[in-house]
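Notes follow once the structure below has been shown.
Letters A, B, ... mirror the listed sequences (proteins, then strands); counts begin at 1.
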Protein chains: 2
Amino acid sequence: MPKTARSKKQKPAKESSTEERIKEAARRLFTLKGFAATRTRDIAEEAGINLALLNYYFRSKQKLFDLVMLENFQQFIKGITVNFMDETLSFDQRIERIVEAYVDMLTRLPDLPMFILNEIRGNPSKIAAKLQMEIAPMRQNMFTQLITSNEAGKTNLEPFHFIANLIGLTVFPFVGRPILQRVTGVTDDQFQQYMQDRKRLIPVWLKAMLTPPK
Amino acid sequence: MPKTARSKKQKPAKESSTEERIKEAARRLFTLKGFAATRTRDIAEEAGINLALLNYYFRSKQKLFDLVMLENFQQFIKGITVNFMDETLSFDQRIERIVEAYVDMLTRLPDLPMFILNEIRGNPSKIAAKLQMEIAPMRQNMFTQLITSNEAGKTNLEPFHFIANLIGLTVFPFVGRPILQRVTGVTDDQFQQYMQDRKRLIPVWLKAMLTPPK
DNA sequence: GTCTATAAAGTGATAGAC
DNA sequence: GTCTATCACTTTATAGAC
């Protein structure tokens with residue numbers, strides 16, 4: 001007896017349907033604690049429903065996780081790539097856009113990068129390959145820009161370092177926030193303000209890094 | 001019947017004692033997959049012994065984890081602070097030493113920072129407070145240096161950003177290595193070489209960031 | 001759709017033989 | 001010290017009533 005393969009439109013009603021509530025509860029807990037440390041009972045409680053209902057809607061913990069995981073992943077990618085492919089922008093402008101989009105996304109979804117990093121470490125092949133594909137055009141564009149600029153003698157920095165610096169400067173403060181805030185002693189409000197400041201600062205820094213220090 | 005509180009010196013023999021083998025197996029798995037996702041059976045298998053023996057030596061999964069965790073943590077701290085307190089060094093020289101020590105440690109123990117970050121997120125208070133204490137003198141020193149330098153008009157950067165940049169540039173490539181290597185398409189050997197290059201580059205970059213861009 | 005009750009499987013820990 | 005066998009408990013998933 002195959003299990004009630006629900007047709008996706010049982011409740012045309014707005015949102016905050018039961019299904020949605022479960023999924024969002026799952027997203028919070030999975031993103032915060034990971035797959036193994038999250039119990040289906042906790043998800044059910046967080047969603048304010050019964051355990052059995054979770055399986056009624058999503059069949060299994062693993063399937064629910066995969067769904068949340070996929071959506072998180074797409075959010076993460078979208079936050080980066082969406083502003084980059086505008087052909088009317090200069091290289092510098094694109095960098096500004098990327099940093100701004102990143103900071104805004106991470107401000108809204110601060111647990112996302114740790115989740116992605118943990119998942120990739122657990123399943124090196126599964127998700128990383130897909131990520132590579134999605135990012136390929138961006139990578140290609142950046143690399144050619146940087147390499148030609150290097151060959152023209154205008155800049156002097158391996159593309160690898162540029163990418164590492166871009167992501168490190170932008171993403172790390174969110175990933176390392178607990179340590180960083182402790183060490184520097186800044187409040188939550190101050191932290192948010194600093195992140196906003198970095199939208200302006202990081203592109204300037206990155207540009208300075210490009211030129212040969214000698 | 002209290003459980004065999006072993007006196008620490010049952011086997012004066014060299015190392016790779018059973019106890020040590022279990023602990024190292026536990027370190028690998030805990031560091032890689034975290035507490036919840038690691039099963040005691042897996043640790044036993046990885047160590048080439050039986051499950052019961054794990055409990056004989058360490059009493060419980062939690063106690064074994066706490067031990068590994070503490071040692072990892074101390075390694076992490078030692079790697080950073082050891083070179084900083086040499087009073088004969090200039091500020092610039094200290095930064096060079098810190099970056100170098102960090103890169104060397106992370107090259108040996110690449111999974112350590114993710115482990116620490118995950119643990120801190122799980123128990124914000126438990127470990128973070130201790131970390132704050134250990135780092136306090138370094139923080140104090142850096143902050144006063146930077147603030148006086150800012151007030152003298154020689155530099156113009158919030159200490160928060162300096163710390164964030166220092167850690168972000170140094171640690172992030174190791175944390176984000178799976179993504180970074182995919183995106184940039186570099187081999188393992190190239191990655192290691194780039195990390196060595198960064199020992200020299202990061203201090204230069206940090207110094208450039210200190211001066212007002214205007 | 002939603003619940004209670006329970007089956008089925010997994011996992012940490014111990015007893016007891018050697 | 002080390003093993004096998006097993007207990008005790010947790011957790012996922014399902015059956016079945018409403």
Side-chain angles (χ1 to χ4, degrees), chain A residues 1-69 122, chain B residues 1-69 122:
Chain A
M1 52 191 59
K3 318 299 175 186
T4 48
R6 284 169 7 84
S7 74
K8 204 63 179 172
K9 48 191 68 166
Q10 208 102 326
K11 257 189 177 173
K14 198 64 204 72
E15 277 310 333
S16 196
S17 62
T18 301
E19 182 170 358
E20 198 62 26
R21 293 228 317 286
I22 297 174
K23 195 164 72 181
E24 287 314 311
R27 188 189 314 284
R28 279 193 294 278
L29 293 179
F30 280 144
T31 306
L32 195 64
K33 315 199 301 177
F35 180 80
T38 300
R39 295 173 310 168
T40 49
R41 281 170 170 74
D42 296 337
I43 298 175
E45 189 185 4
E46 174 104 353
I49 52 91
N50 187 275
L51 197 165
L53 217 47
L54 185 151
N55 290 72
Y56 170 72
Y57 278 106
F58 298 97
R59 289 294 295 125
S60 78
K61 179 186 181 184
Q62 185 64 53
K63 284 198 169 52
L64 177 53
F65 179 81
D66 290 344
L67 183 66
V68 166
M69 166 71 169
Chain B
M1 51 189 61
K3 317 297 176 187
T4 47
R6 283 168 8 85
S7 74
K8 203 64 180 171
K9 49 190 66 168
Q10 207 101 326
K11 256 189 177 173
K14 199 63 206 70
E15 277 311 331
S16 196
S17 62
T18 300
E19 182 170 359
E20 198 62 25
R21 294 229 316 286
I22 296 173
K23 195 163 72 181
E24 288 312 312
R27 188 188 314 284
R28 281 193 294 278
L29 293 180
F30 281 143
T31 306
L32 195 63
K33 314 200 301 177
F35 181 80
T38 301
R39 293 173 312 168
T40 50
R41 281 169 172 76
D42 295 336
I43 298 175
E45 189 184 4
E46 173 102 356
I49 51 94
N50 187 275
L51 197 164
L53 217 47
L54 184 151
N55 291 74
Y56 171 74
Y57 278 107
F58 298 97
R59 291 294 296 127
S60 77
K61 178 186 182 184
Q62 185 63 53
K63 283 198 169 52
L64 177 53
F65 179 80
D66 290 344
L67 184 67
V68 166
M69 166 72 169

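- Atom CD1 in A:Ile22 sits 9.5 Å away from atom CG in A:Asn55 (nearest 0.5 Å).
- Phosphate proximity of D:dT2 to B:Tyr57: present, with a side-chain N or O under 4.0 Å from OP1 or OP2.
- Note on B:Arg59: every side-chain N or O is 4.0 Å or more away from OP1 and OP2 of C:dG12.
- Closest to the side chain of B:Thr18, out of D:dT2, D:dA13, C:dT14, is D:dT2.
- Put simply, CZ on A:Arg21 and OG1 on A:Thr18 are 5.5 Å apart, with the number rounded to the nearest 0.5 Å.
- Between A:Phe35 and A:Phe65, the two ring planes are perpendicular [angle over 60°; tilted spans 30° to 60°].
- Atom NZ in B:Lys63 sits roughly 10 Å away from atom P in C:dT14 (whole-Å rounding).
- Regarding B:Gln62, its CD atom lies at a distance of 17 Å from the P atom of C:dT11, rounded to whole Å.
- Put simply, CG on B:Asn50 and CZ on B:Arg41 are 9.5 Å apart, with the number rounded to the nearest 0.5 Å.
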For the pair A:Leu64 and A:Thr40, evaluate side chain to side chain contact (heavy atoms under 4.5 Å, CB included) and give the outcome as yes or no after the intermediate values. CA-CA 10 Å; A:Leu64 177 53; A:Thr40 49; over 6 Å; no

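- Of the inter-residue distances, the one linking A:Leu51 atom CG with A:Arg39 atom CZ reads 10.0 Å to the nearest 0.5 angstrom.
- Note: B:Leu54 CG to B:Glu19 CD = 11.0 Å, rounded to the nearest 0.5 Å.
- Atom CZ in B:Phe58 sits about 12 Å away from atom P in D:dT2, given to the nearest Å.
- In this entry the distance linking OH of B:Tyr56 with C1' of C:dA15 reads 15 Å, nearest Å.
- Look at CG on A:Asn55: it is 14 Å from C1' on C:dA5, rounded to the nearest Å.
- Listed by residue number, the members of residues 46-54 of chain A with any heavy atom below 4.0 angstrom from DNA chain D are A:Leu51, A:Ala52.
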Residues B:Tyr57, B:Lys23; criterion side chain to side chain contact (heavy atoms under 4.5 Å, CB included); working and verdict: CA-CA 10 Å; B:Tyr57 278 107; B:Lys23 195 163 72 181; over 6 Å; no

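- Straight-line distance from the CD1 atom of A:Ile22 to the P atom of D:dA13: 13 Å, rounded to whole Å.
- Listed by residue number, the members of residues 30-43 of chain B with any heavy atom below 4.0 angstrom from DNA chain C are B:Thr38, B:Arg39, B:Thr40, B:Arg41.
- If you measure from atom CD of B:Glu45 to atom P of D:dC3, you get 13 Å, rounded to the nearest angstrom.
- By the salt bridge (Lys or Arg N to Asp or Glu O under 4.0 Å) test, A:Glu45 is found to be paired with no residue, residues two or more places apart in sequence or in another chain being considered.
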